[in-house]
There are 2 protein chains.
Amino acid sequence: MKSTLTINSANSTPPSKGMFGKLPVAPAYRVVFDTIEKLVMTGKLKPGDILPTETELAERFDINRSTLREGIRLLEQNGLVVRGAAKRLTVSVPHIVDLTSRISNALILHDVTFRELWETYIILEPALAKLAAENATEEIIKKLEDNLESMIACGEDADCFNKLDYEFHDLVAEAACNRPMLIARQPISILMMPAAHAILPRLNTYDRVIVAHRKILDAIRAHDQSEASEWMHKHTTDFKRGYESLGFDAGEHLVNSGFDASAGIKPQA
Amino acid sequence: MKSTLTINSANSTPPSKGMFGKLPVAPAYRVVFDTIEKLVMTGKLKPGDILPTETELAERFDINRSTLREGIRLLEQNGLVVRGAAKRLTVSVPHIVDLTSRISNALILHDVTFRELWETYIILEPALAKLAAENATEEIIKKLEDNLESMIACGEDADCFNKLDYEFHDLVAEAACNRPMLIARQPISILMMPAAHAILPRLNTYDRVIVAHRKILDAIRAHDQSEASEWMHKHTTDFKRGYESLGFDAGEHLVNSGFDASAGIKPQA
DNA sequence: GTTGTACAATTGTCGGACAATGAATGGTGC
DNA sequence: GCACCATTCATTGTCCGACAATTGTACAAC
């Protein structure tokens, strides 16, 4: 951190280099991004606002349109602007799904282990179930009921079952009305999907899953927070037990769950 | 989800709209992004690999350099490439801090409430303390000790104290060796900072904080997981009590904690 | 009111160009 | 031979101008 710097250190290197670590002269396209990002974050630009055309923006910033466009790409990737109906740039709010898929990609690249995912999941899922029992609306309870019915109708069609299982937990998370926790859970859920797909057909846990889901749903409907939390805890622990009884090592990397895992879901981007 | 769609629904809307959701004809710069992203995610490009020059890449993709550069910007903002030492593009893995600051920005724009932050925080912090008690290395315990000493030496310098408080919790989270949880915690921690700054000098809770930190540190050092978890729970609850006793409403929006909150930290990006 | 058409605006893409800057190279002195 | 310096070169950041494709708009026709 070079906490102590003396100006008069005329011993080794000329003072023009070495100290004064390069002051942040950002390329123009980055300045464009920073500027507009700040405008959005400070509320001077609100979601839904339509930006001027590229030509006009370039004129105002006094840069070339190509350069401006590079800045726009940064904003676009950040989800702060989208090219709206009329192709015009409109200010937007980053979608949760964009964030979560980005996070899961990053976790994959960081070689996250199943142990880490699991440790977090076993914390979040019961907490979300508890909050769901507190906050669930009639509407979402209806969706949960539909989900459970479909799952029963599913029989032992593993693909169908897994999809509905994933959806059930997603709905519970949504019912909790807590976005930070939702964002934390989603990437983990995505990354654990391959494991879920591997477990179900080999261990034949269909019945156990349905029983657990029903208990959880009942608890949510009854606003019984501790019951919801406890059953979700059991249910999630079951999942880990299944994982381990298949001979997987929880410390093992998940690298090759790979790209399709994150790209496979993206429900309605 | 429009699960059932019949072709012959010639009743209301013409079939050319409504169904056939826009087929994915992506602009070239986006194809560049998708292509290279996939190469990274599938491991065909590994972190540290140096990409060809812009001119060469443009030639290979058979597009103009300007167009290619727009694609590069998308990758850059995603953290998948950085312009390395020699200005050459280098494949990289997204830094955690980039993710977390993006998440906190998104949460701000989504008008997240203190209630949501709190509900998540009270779950994560004890869990992290528990894991820290399990996994903390000597090295990080040393850092925690240093932090506690500095905090005591800090006296009632609120700025110094808050900074060290923030750092302490960061260190505990780091000690837990769990990146999903780390990523989940960090944005919340960032967003709650303004609240922490408001509470401390007005309620004079310096002593209570130090006592709690010492208890937590002792528990981590002794690998006493439940003790670490419990004290962290108390400590975090204290924080909320402070927040409420200042008359804030937990359901209140945090919009105007605004931009500086997220930009203020960024330790060493 | 709906349909169709002509026109204008805007974006996506292209080709070429150049200054600044870091890297590589080669010459020079010891 | 090795260290040091100047030159050359490659590459990026930026600019300019241009054009096809697409889309919004205005207006005419039914």
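Just so you know, these numbers use all the heavy atoms, side chains as well, and skip hydrogens, waters and symmetry mates. Numbered from 1 within each chain, the chains take letters A, B, ... in sequence-line order. Everything quoted here is computed from the prediction, not taken from an experiment.
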query: Which part of the nucleic acid, if any, lies within reach of A/Arg30 when heavy atoms closer than 4.0 Å are counted: base, sugar-phosphate only, or nothing?
result: nothing
- line: salt bridge (Lys or Arg N to Asp or Glu O under 4.0 Å) filter on B/Glu54, not counting sequence neighbours, yields B/Arg65, B/Arg69
query: Should B/Asn178 and A/Thr120 be marked as a side chain to side chain donor-acceptor pair (under 3.5 Å) after you check the CA-CA gap, both sets of side-chain angles, and the distance that decides it?
result: CA-CA 8 Å; B/Asn178 185 301; A/Thr120 312; 3.0 Å; yes
query: Applying the side chain to side chain contact (heavy atoms under 4.5 Å, CB included) test to B/Gln186, which of B/Asp170, B/Ile96, B/Ile103, B/Val97 qualifies?
result: B/Asp170
- request: Could you tell me whether the side chain of B/Arg88 has a donor or acceptor atom within less than 3.5 Å of a complementary atom in the base of C/dG22?
  value: no
message: Determine whether a donor-acceptor pair (one donor, one acceptor, N or O, separation below 3.5 Å) exists between the side chain of A/Arg65 and the base of D/dT14.
response: no
query: How close or far is atom C1' of C/dT11 from atom CD of B/Glu70, stated in whole angstroms?
result: 10 Å
query: Looking at A/Thr113, A/Ile188, A/Leu124, which hits side chain to side chain contact (heavy atoms under 4.5 Å, CB included) with B/Pro180?
result: A/Ile188
query: Does B/Arg179 use its side chain to pair, donor to acceptor, with the backbone of A/His110 at less than 3.5 Å?
result: yes
Non-hydrogen side-chain atoms of B/Leu80 and B/Ile36 separated by less than 4.5 Å: no
task: May I ask you to list the residues of residues 49-59 of chain A, by number, that have any heavy atom positioned under 4.0 Å from an atom of DNA chain C?
output: A/Thr53, A/Glu54
task: Send over the distance from A/Arg69 CZ to C/dG12 P, rounded to a whole Å.
output: 5 Å
